Amino acid sequence: MTIRVLLVDDQPLLRTGFRLILEAEPDITVVGQAGDGKDAQEQCRALLPDVVLMDIRMPGVDGIEATRKIVREAAPAAHVPKVLVLTTFDLDEYIVEALRAGASGFLLKDVPPDELVQAIRVVAAGDAIVAPSVTRRLLDRFATKLPPAYEQAAPARLDRLTERELEVMRLIARGMSNAEIAAKLVVSETTVKTHVGNVLTKLGLRDRVQAVVLAYETGLITPGAIS
């Protein structure tokens, strides 16, 4: 299957660079490019990409609002593009809002070419792509700025989880992979996958990224907690 990608960035040189990297792969094709969020929405409707590589800071409609509209507009349909957000870690304080808007993950703009390609494949397959160390650093740095989106509903939602599921959610929030969680808990990866699936289903979350954000928002894990 060929993965159809839409590139969204207000810098033409960056779009060209990403295009050259991606089109060198036999299973990826760039179907379009957009220089702002409004154009990205229109091209999503016309081109039906599988993955949207989305910059955050753009003139007019920014990447966060564009992500929110693309995901909401496509959600009732069978084809919902996966949005992979691009960010510069030292500048973008809005990454959590982008994830809430429906992004399936994020990458740094200086990501190595092989990691960019792998991220596109992972997101196209329906998984979230987040560098665990970056996730922790980012949320630790901006935890005090997280809006209390789940302030009232959080305790009741977390009560739906068993003790083991809460433990798994904490480990997800610390950036651990399924293999690392399995080793720590001395269980199989299959068992961990089952627990992760239960956590996402019970809490009404789309992916591990949203689980990390919720863990911070509810105080299940705190900034600077030991991994």
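These numbers come from the heavy atoms of this one structure, side chains and all, not from hydrogens, waters or symmetry mates. In this text, all values refer to a predicted model and were calculated from it rather than measured experimentally.
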Which heavy atom in Ala173 sits nearest to a heavy atom in Val212, and how many Å separate them?
-> CA-CG2, 3.9 Å
Mind checking side chain to side chain contact (heavy atoms under 4.5 Å, CB included) for Pro26 and listing every partner two or more places apart, or none if nothing turns up?
-> none
Kindly write out the residues that satisfy salt bridge (charged side-chain N to carboxylate O under 4.0 Å, His left out) with Arg68, not counting sequence neighbours, or none if the list is empty.
-> Glu65
Intermediate values then yes/no, side chain to side chain contact (heavy atoms under 4.5 Å, CB included), Val51 and Val123 | CA-CA 7 Å; Val51 176; Val123 169; 4.3 Å; yes
Enter the distance from Asp62:CG to Arg57:CZ here, rounded to the nearest 0.5 Å.
-> 9.5 Å
Please tabulate, for the side chains in residues 29-36, all donor-acceptor contacts under 3.5 angstrom to protein atoms that are two or more places apart in sequence or on a different chain.
unit_1	atom_1	unit_2	atom_2	d
Gln33	OE1	Arg15	NE	3.0
Asp36	OD1	Lys38	N	3.1
Asp36	OD1	Asp39	N	2.8

Which residues satisfy the salt bridge (charged side-chain N to carboxylate O under 4.0 Å, His left out) test with Glu25, sequence neighbours excluded?
-> Arg121
Note: Val71 and Val83 closest approach over all heavy atoms is CG2-CG2, 4.3 Å
Value for CD1 (Ile120) from CG (Asp50), rounded to nearest 0.5 Å, stands at 10.0 Å
Non-hydrogen atoms of Gly102 and Thr67 that approach each other most closely = C-CG2, 4.0 Å
How far does CG of Leu84 sit from CE of Met54, to the nearest 0.5 angstrom?
-> 10.5 Å
One should read off an interatomic distance between Ile3 CD1 and Ile28 CD1, to the nearest 0.5 angstrom, of 5.0 Å
Who pairs with Lys109 by salt bridge (charged side-chain N to carboxylate O under 4.0 Å, His left out), at least two apart in sequence or on another chain?
-> Asp9, Asp55
Are Val52 and Lys82 close enough that some pair of their side-chain heavy atoms sits under 4.5 Å apart?
-> no
The salt bridge (charged side-chain N to carboxylate O under 4.0 Å, His left out) partners of Arg164 (sequence neighbours excluded) come to Glu167
Atom pairs and distances, side-chain donor-acceptor, residues 186-193, under 3.5 Å, sequence neighbours left out:
unit_1	atom_1	unit_2	atom_2	d
Ser188	OG	Thr191	N	3.1
Ser188	OG	Thr191	OG1	2.9

Just wondering, do Leu86 and Val8 contact through their side chains at under 4.5 Å, heavy atoms?
-> no
Less than 4.5 Å apart, any side-chain heavy atom of Ile221 and any of Arg174?
-> yes
Nearest heavy-atom approach of Met58 to Gly63 is CE-N, 3.7 Å
What are the two closest non-hydrogen atoms of Ala40 and Leu6, and how far apart are they?
-> O-CD2, 3.8 Å
Is the backbone of Ala101 close enough, under 3.5 Å, to the side chain of Arg72 for a donor and an acceptor to pair up by distance?
-> no
Listed by chain and number, what are the side chain to side chain contact (heavy atoms under 4.5 Å, CB included) partners of Leu200, not counting sequence neighbours?
-> Val196, Leu205, Ala211
Please walk me through it: do Arg19 and Leu7 pass side chain to side chain contact (heavy atoms under 4.5 Å, CB included)?
-> CA-CA 8 Å; Arg19 182 166 197 149; Leu7 302 177; 3.8 Å; yes
Is Thr162 close to Lys202 at the side-chain level, that is, under 4.5 Å between some pair of heavy atoms?
-> yes
Distance col, row Leu166:CG vs Arg160:CZ, nearest 0.5 angstrom, shows 12.5 Å
Check Ile70 against Cys44 and note the closest heavy-atom contact, atom names and distance.
-> CD1-SG, 3.7 Å
I would like to know whether Leu171 and Leu185 meet side chain to side chain contact (heavy atoms under 4.5 Å, CB included); could you show each step before the answer?
-> CA-CA 10 Å; Leu171 297 178; Leu185 300 182; 4.0 Å; yes
Check whether any side-chain heavy atom of Ile21 sits under 4.5 Å from a side-chain heavy atom of Pro113, and report yes or no.
-> yes
Take Ile56 and Val85 through the test side chain to side chain contact (heavy atoms under 4.5 Å, CB included) and record every step on the way to the result.
-> CA-CA 7 Å; Ile56 288 183; Val85 170; 3.3 Å; yes
Say you draw a straight line from CD1 of Ile172 to NE2 of His195; how long is it, rounded to the nearest 0.5 Å?
-> 10.5 Å
Thinking salt bridges, do Lys69 and Glu73 make one under a 4.0 Å N-O criterion?
-> no
Check whether any side-chain heavy atom of Leu53 sits under 4.5 Å from a side-chain heavy atom of Phe18, and report yes or no.
-> yes
